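Reviewing the structure listed below.
Only a predicted model underlies this, so the values are computations on that prediction, with no experimental measurement involved. We count ligands from 1, going down the list as the structure has it; atoms in each ligand are counted the same way.
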Amino acid sequence: MSCSKIASFVYLLTLASLLQTAFGLSHNCSDTGSFSAGDPYEANLKQLIEYLTSQTPPSGFGRRAIGQNPNRVFGLALCRGDVSSEDCKTCVVRAGNEIRKQCPYKKGAITGYDYCLVKYSNIEFFGQIDNQNKFYLWNPNNVSEAYSRQTEGLLRVLAKEASADPISLYASGEILVRKSVKIYGLTQCTRDLSITDCKKCLDGIIDELPKCCNRLEGGRVISGSCNFRYENFPFFKA
Ligand SMILES: *[C@@H]1O[C@H](CO)[C@@H](O)[C@H](O)[C@H]1NC(C)=O
Ligand SMILES: *[C@@H]1O[C@H](CO)[C@@H](O)[C@H](O)[C@H]1NC(C)=O
């Protein structure tokens, strides 16, 4: 690669990561209804986001229902299990603001960032596995079949570990593939799920490895109730 090509490649990477930081990795506006400017739903949603912004950071998880039917709104926020409450707060503030801009006047929406997930709906969803919203992200470099088998093995272990810890529903770990090559992984569920449903949710998204990131060096599945990520570099605090 020439210097200018490398420079523009680095520039694109930087731009992509800035865009990701501002707009999130992925989002989905739900089709469960719309509201108009000035509706009570709008005020309830605003209050919900404020609640999540202040209540999520200390523990990494917050959920709440606000208002009365037909303007009742349900929401949750989840921060990655290893992030500080400061980073958690920054993420939830940004996610809560951006998702309302990306899904204007939608009663329901979800957005995923590196450090957090924010979801709300006019339909109660607490304690249920979200099979509607599912995002795939991947690192396009190919890897061997052995690496892929080890990835799945690591994620299965981490799914067991996360669902064995009802307080955090989070696990992270690494595995040595061969000399100086490691895979790093994490699994996490939203804390409205039971440990049984957490396991079920994680097993379900790990089954989607071939769809998401078959023979690829890194990947993630982010669903509304659970997610995993694996990379060939450390991306979480142990
Ligand atoms: C977005 O939500 C709709 C239902 O509201 C669902 O059918 C669709 O699969 C979702 N898209 C993703 C990427 O999760
Ligand atoms: C990765 O593997 C796929 C399927 O075997 C192949 O189509 C693709 O060209 C490979 N990509 C690279 C960068 O090697």
Is any side-chain N of the basic residue among Lys200 and Asp197 closer than 4.0 Å to the acidic one's carboxylate O? yes

Looking at atom 11 (N) of ligand 1, tell me if a protein heavy atom falls under 4.0 Å from it. yes

Counting heavy atoms only, which part of Gln132 comes closer than 4.0 Å to ligand 1: side chain, backbone, both or neither? both

Quick one: look up the protein heavy atom nearest atom 5 (O) of ligand 1 and list residue, atom name and how far away it is. Asp31 OD1, 3.4 Å

Proximity of Asn28 to ligand 1 by residue part, where a heavy atom lies under 4.0 Å: side chain

Any pair with a residue in residues 120-152 that passes disulfide bond (SG atoms under 2.5 Å apart), sequence neighbours left out, goes on the list, sorted by first then second residue, please. none

Closest non-hydrogen protein atom to atom 13 (C) of ligand 1, residue and atom name please, with distance? Lys134 O, 3.4 Å

In ligand 1, which numbered atoms sit nearer than 4.0 Å to a non-hydrogen atom of Asn133? 1 (C), 2 (O), 14 (O)

Does the structure place the NZ or CZ of Arg63 under 6.0 Å from the centre of the six-membered ring of Phe126, at an angle of no more than 45° from the ring's axis? yes

Qualifying residue for disulfide bond (SG atoms under 2.5 Å apart) with Cys116, from Cys88, Cys91, Cys79: Cys91

Ionic contact status for Asp192 with Lys119, cut-off 4.0 Å: no

